[in-house]
Amino acid sequence: MTIDRAWFERDAPIVAPELLGKRLVAATTEGVIVAGRIIEVEAYTRDDPASHTFRGQTPRNSVMFGPAGHAYVYISYGIHRCLNVVTGATGDGQAVLIRAVEVLDGLETVVERRAGRSHRELTNGPGKVGEAFAIDLSHNGLDLLDSRNAVHVADDGTPPPVGPVVGPRIGITEALERPWRFRVPPVR
DNA sequence: AAAGAGATGGTCT
DNA sequence: GACCATCTCTTTT
């Protein structure tokens, strides 16, 4: 089941906890499908010192100022590729970072891509999700609400957790007081 | 179990 | 030239 775009046009801290339980799908041209249930996210907004959009629009973050439901992919520390879903109205500069998923389909492929990692280390971090789902910059700007696209997000009917664990965001040095990290319990 | 450091490259000042 | 929305490996307790 696809998700209505208006659902993503709300503010990131509202969308983020409700994104828990949604299905992230990535297909290769060879037809290999990897899918997982989103279990950890973080919200980033325009007036947020920790957000890429805090200092205004640049070539890198321009997708975040575009329409909701599209993918914002960025390279972290020169190595990792991290996937966000743009939220809010066009021009807002908001997104939700997908930090962790639970693999549902294509586990064999994920194990291959994440060679040498234990099961629990497969997709428990944004860079790890990027590797497991083979996300790269070519996906930047892709419409994640179109199920025909190689990478997309869908609603498989799993309800969001009743009491998501809320906590501080990770790896940032600003606005640590904003509790905009949401996770399906139990934590780690 | 915890702490430290290197990898690695695009982006912005 | 500095700074990262990270991960992994090594060293130390």
Side-chain angles (χ1 to χ4, degrees), chain A residues 8 10-20 22 24 26 34 36 38-66 68-88 92-103 109-142 144 151 153 164-184 186-188:
Chain A
F8 282 99
R10 300 170 297 155
D11 287 343
I14 305 296
V15 173
E18 295 187 27
L19 198 55
L20 298 174
K22 297 290 184 290
L24 175 65
V34 171
I38 297 170
I39 60 172
E40 185 176 332
V41 297
E42 279 175 356
Y44 288 90
T45 64
R46 176 65 203 279
D47 69 338
D48 172 2
S51 171
H52 288 172
T53 54
F54 184 62
R55 289 170 182 84
Q57 187 168 345
T58 66
R60 172 173 74 151
N61 65 24
S62 62
V63 169
M64 275 185 77
F65 289 91
H70 288 245
Y72 168 53
V73 180
Y74 70 93
I75 307 281
S76 176
Y77 294 90
I79 307 171
H80 310 292
R81 297 166 303 283
C82 301
L83 173 66
N84 297 252
V85 187
V86 176
T87 64
D92 278 359
Q94 311 181 13
V96 174
L97 171 66
I98 297 177
R99 286 195 59 88
V101 307
E102 179 180 281
V103 176
T109 301
V110 170
V111 167
E112 261 176 46
R113 289 173 178 165
R114 300 276 301 134
R117 318 297 154 198
S118 68
H119 181 77
R120 59 174 289 130
E121 298 283 319
L122 290 178
T123 51
N124 62 336
K128 302 177 190 181
V129 171
E131 183 166 41
F133 283 71
I135 303 297
D136 62 63
L137 284 179
S138 74
H139 300 117
N140 192 37
L142 193 71
L144 294 172
V151 180
V153 175
V165 173
V166 182
R169 294 174 292 178
I170 303 293
I172 57 172
T173 57
E174 305 263 19
L176 293 169
E177 75 286 359
R178 301 193 189 197
W180 284 355
R181 175 175 175 237
F182 305 91
R183 176 159 179 116
V184 173
V187 177
R188 317 231 170 259

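Here is the naming used below: chain letters follow the sequence lines, and residue numbers restart at 1 for every chain.
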Identify whether a stacking contact exists between A:Tyr44 and C:dA5, where the ring centres must be under 5.5 Å apart and the planes under 30° apart. yes

Is there a side-chain polar atom (N or O) of A:Arg181 under 4.0 Å from OP1 or OP2 of C:dA5? no

In Watson-Crick or G-U wobble terms, with both distances under 3.5 Å, the base opposite C:dC9 is B:dG4

Taking only the side-chain nitrogens and oxygens of A:His80, find out if one of them lies under 4.0 Å from OP1 or OP2 of C:dC7. no

Between CG of A:Asn124 and C1' of C:dC7 the distance, given in whole Å, is 10 Å

Looking at B:dT11, which nucleotide sits across from it as a Watson-Crick or G-U wobble partner, both distances under 3.5 angstrom, or is there none? C:dA2

What's the closest nucleotide to the A:Arg114 side chain, out of B:dC12, C:dT8, B:dA7? C:dT8

Determine, stepwise, if the pair A:Val85 / A:Phe8 fulfils side chain to side chain contact (heavy atoms under 4.5 Å, CB included). CA-CA 8 Å; A:Val85 187; A:Phe8 282 99; 3.4 Å; yes

Between the base of B:dA7 and the side chain of A:Tyr77, is there a donor-acceptor distance below 3.5 Å? no

How far, in whole Å, is C:dA2 from B:dG6 if one measures between their P atoms? 16 Å

Please state how far atom CG in A:Leu83 lies from atom C1' in C:dT6, giving the value in whole angstrom units. 15 Å

To the nearest Å, how far apart are A:Arg81 CZ and C:dT6 C1'? 12 Å

Taking only the side-chain heavy atoms of A:Arg60 (C-beta and beyond), determine which of B:dT11, C:dT8, C:dA5 contains the nearest atom. B:dT11

Nucleotide C:dC4, atom C1' - distance to CZ of A:Arg169 in whole Å: 15 Å

Rounded to the Å, how far apart are A:Phe54 CZ and C:dC4 C1'? 16 Å

Side chain of A:Ser76 - closest among C:dA5, C:dC9, C:dT6: C:dT6

Would you mind reading off the distance between A:Leu176 atom CG and C:dA5 atom C1', rounded to a whole angstrom? 12 Å

Measure CG/A:Leu137 against C1'/B:dT11 and give the value in whole Å, please. 12 Å

Testing B:dT13, B:dT11, C:dT8 for proximity to the side chain of A:Lys128, the answer is C:dT8

Taking the minimum atom-to-atom distance to the side chain of A:Ile79, which one of C:dA5, B:dT8, C:dT8 wins? B:dT8

